[in-house]
There are 4 protein chains.
Amino acid sequence: MSKKNGLDKNTAARILEVARDEFAKYGFDGARVDRIASRAKINKAMIYYHYRSKEKLYHAVIQSHLNRIREFFETSLDTSPDPEAFLPQIVSFWDAMFQDRKGFIPIFLRELAGGGQVMQKAFEQMMKESGFNKVLKQKIDAGIAAGQLRPVNSTQAIISFIGMNLFYFLTLPIMNTVWEIPDEKEFKEQRKKEVVDLFLYGLKAR
Amino acid sequence: MSKKNGLDKNTAARILEVARDEFAKYGFDGARVDRIASRAKINKAMIYYHYRSKEKLYHAVIQSHLNRIREFFETSLDTSPDPEAFLPQIVSFWDAMFQDRKGFIPIFLRELAGGGQVMQKAFEQMMKESGFNKVLKQKIDAGIAAGQLRPVNSTQAIISFIGMNLFYFLTLPIMNTVWEIPDEKEFKEQRKKEVVDLFLYGLKAR
Amino acid sequence: MSKKNGLDKNTAARILEVARDEFAKYGFDGARVDRIASRAKINKAMIYYHYRSKEKLYHAVIQSHLNRIREFFETSLDTSPDPEAFLPQIVSFWDAMFQDRKGFIPIFLRELAGGGQVMQKAFEQMMKESGFNKVLKQKIDAGIAAGQLRPVNSTQAIISFIGMNLFYFLTLPIMNTVWEIPDEKEFKEQRKKEVVDLFLYGLKAR
Amino acid sequence: MSKKNGLDKNTAARILEVARDEFAKYGFDGARVDRIASRAKINKAMIYYHYRSKEKLYHAVIQSHLNRIREFFETSLDTSPDPEAFLPQIVSFWDAMFQDRKGFIPIFLRELAGGGQVMQKAFEQMMKESGFNKVLKQKIDAGIAAGQLRPVNSTQAIISFIGMNLFYFLTLPIMNTVWEIPDEKEFKEQRKKEVVDLFLYGLKAR
DNA sequence: GATGAATGAGATTTCATTCAT
DNA sequence: AATGAATGAAATCTCATTCAT
């Protein structure tokens, strides 16, 4: 507990934190163990003492992200029955999550690029545990059955909804440039409404 | 053309082709000059003779992708005035493009992850040259002005449209797993209609 | 004796025992302090507390072997005057000793390979103290003087005798394979007689 | 052919030669790739270029020894039918071989110490190919059948013969010290006769 | 254009040893 | 006597790049 080395947090945690940043910035192959060590102000060997290998450290980083995200899922996602209340929550949720886990996006993108079996399994599991996909699908299907929504393929609709949301987060820098968006924050805020509006308007029967 | 080594294509082209694959699979840092050489069945030094450095080769790969994509843009994107005819074309266009340039997605994702200045500029330029974004925006805005479409923010709408399309392509493997999609091809075909339908239905005034 | 950690023997002794095995298996350079610690179920630092360095531990291991061997020499080697009784005793002695000190052979071999000054001195001293070589030489020379044995060079003869005995022990695995010996135990038993027989028959005058 | 670097032999051969020495002196674990590189006056990476790993280099060293030894076996070992002519040849052969392949003894000893499966297989094969063991055994058995030799177990006898010969070579430094042998060369010369004499005298019927 | 060999800098990993408690 | 964490030096190995031919 007492900080003999004058640094906050214990070594393993500090390594993990720095590693999260390093892997986010440079990807697995571009990341440097040396750099992690010096940024964490520890001897390189400590990384191996605590994590055994660069690869295991990388997995630990991914796990730490996923754990946090799962927490987020579990605590922030309440399931109001009304889509007009529910959907904006999801959008806010993503915004908050990516804010909290900034480093996750690049890691996610690169995993995607590499075929990312690790991610794939982790996601599948998370989806199943949280029930996110099922719940969403059921709501849409219920809405259709009740005649409130048009008879669309609910899976396609959900993917569309997720896509229109996440895509902007993933491609932020490019989008801001290409579409000459001056105030990212404001645009995000506006986006929340527009996306939900478009989606609901696109679905609702009338 | 001369085939003293029994291989088709000239060396520089063969290197480029193999490099495209290598960079797609492993990213810049993960790619190996050695591996490119041996797969292209040439001596490593030839890569330097033709491309001067790994980085320059990487840029050449990106350029080759962008050139092809620009070609695609220019030839495949006709501008029918009717959104109901126009939008499906865009969707088909992306499908065809990613089919043709499979290796581009991972490179794009990793560039995105890395902050990707190269891509950013290239995209900006391409957008401007092709006028893709402007044309699209004008059409939407015209529709709104004419009272055919609801008064939405056209930029947000377009990003949503692009997002719901591209996101599925970028995350194909994960999506197929999470949503238990058995027939990718069929799902893609169906998606074309559903996406356009959702988007138009979401936009149209009534 | 105190067993607060639930292990028998005191720590120093347990370290030594494990170290004997480790050095036997891997040699000095191949041995790992970490592995010794974990096998002895103690903290690595304890090894340094008790033995100060890997090298000193190694020396302790060698000493422990030599001490035991000296004990063996002193207690098991009685000096019957009759060679036909005496020589089989020596052979049995070696068999018993190597059985008791299994780990000694590889250490001995490696010391031999490395020039092994440590061993050399230790052996010289042991020989002198036990008088093993002198006694043996005297017996042979006496036999020659009495006309019972042929006039051979006694040193050469003794080396031959030692050689034909020890060589088999040192090269056991290879010999068993090359000569397709199915039952090592039986072969050893038979060997005792054959070796003594060959040696005596080769020496005796007639 | 032309020595651009002013060194004799090509690099791979020079590495092998130096490595033979290094592994002989220090064993596999004690050997240093750095040292091999600097002694061979080449860049460390060349070792990996030519041999891929320290372990493969080690195997190459062993193979190079075994190849040479096999050559020796094939060229030097003629099979005179008369044991009194044949046996001294074997002894001379070993002397010459160990002279030619000095570095082999320590490697052999350490392989022996380590359980040395590599050696074991190599030896087995060499024995079978050269027919050394079979030929020897047949000669002894023939002598016994003809009544020239006493009815001993021929395998045991051969192991004894090999042992009394090789053991001295393997333990040279210790033996010379313990038995206070002043002139190694002379002792070796004398040994040749004494060993054969003892063996034959021990075997011959009368 | 083409090759095999070479290089230098640096990457990951290991390991004996010590420190603080 | 005992521990977990820490260290520094060095070990093996890699890789983009260049040289000589």
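Chain naming here is simple, since letters A, B, ... match the order of the sequence lines and numbering starts at 1 in each.
- No N or O donor and acceptor, one from the side chain of B/K44 and one from the base of E/dT3, sit under 3.5 Å apart.
- Regarding contacts with the backbone of E/dG4, a side-chain N or O of B/N43 is found under 4.0 angstrom from either OP1 or OP2.
- The interatomic distance linking B/Y26 (OH) with F/dA16 (P) rounds to 13 Å, in whole Å.
- Within residues 29-36 of chain B, the residues having any heavy atom under 4.0 Å from DNA chain F are, by residue number, B/A31, B/R32, B/V33.
- Rounded to 10 degrees, the angle separating the terminal helix axes of the helix from E/dA2-F/dT21 to E/dT21-F/dA2, each built from five base pairs, is 20°.
- Remark: the backbone N or O of B/A12 is paired with a side-chain donor or acceptor of B/Y51 at under 3.5 angstrom.
- Residue pairs meeting the salt bridge (charged side-chain N to carboxylate O under 4.0 Å, His left out) criterion with at least one partner in residues 102-113 of chain B, sequence neighbours excluded, do not occur; the list is empty.
- Between B/R14 atom CZ and E/dG1 atom C1' the separation is 12 Å, expressed in whole Å.
- At distances below 3.5 Å, not a single donor-acceptor pair connects side-chain atoms of B/K54 with backbone N or O atoms of B/I47.
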**OP:** May I have the step-by-step check of salt bridge (charged side-chain N to carboxylate O under 4.0 Å, His left out) for D/E17 and D/R14, ending in yes or no?
**Re:** CA-CA 5 Å; D/E17 195 172 69; D/R14 224 166 55 248; over 6 Å; no
Subject >> Step-by-step side-chain contact (heavy atoms from CB on, under 4.5 Å) determination, A/I62 to A/H65 >> reply: CA-CA 5 Å; A/I62 289 189; A/H65 275 307; 5.7 Å; no
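- Between C/Q125 and C/L66 there is no side-chain heavy-atom pair separated by less than 4.5 Å.
- Expressed to the nearest 0.5 Å, how far CG of B/N67 lies from CE of B/M126 amounts to 10.0 Å.
- For DNA chain F, the residues of residues 46-62 of chain A within the heavy-atom distance limit of 4.0 Å (strictly under) are A/M46, A/Y49, A/H50, sorted by number.
- When each of D/A45 and A/A45 is assigned the nucleotide of DNA chain E with its nearest heavy atom, D/A45 is the one assigned upstream, toward the 5' end.
- Each salt bridge (charged side-chain N to carboxylate O under 4.0 Å, His left out) pair with one or both residues in residues 116-126 of chain C, not counting sequence neighbours, appears once here: C/E124-C/K128.
- Within 6.0 Å of atom CZ in B/R68, more than 12 heavy atoms from other residues, nucleotides or ligands are found, so the atom counts as buried in its surroundings.
- The salt bridge (charged side-chain N to carboxylate O under 4.0 Å, His left out) test applied to B/R35 returns B/E22, not counting sequence neighbours.
- Ring orientation note: the planes of B/F28 and B/F23 are close to parallel, at an angle under 30° on the 30°/60° scale.
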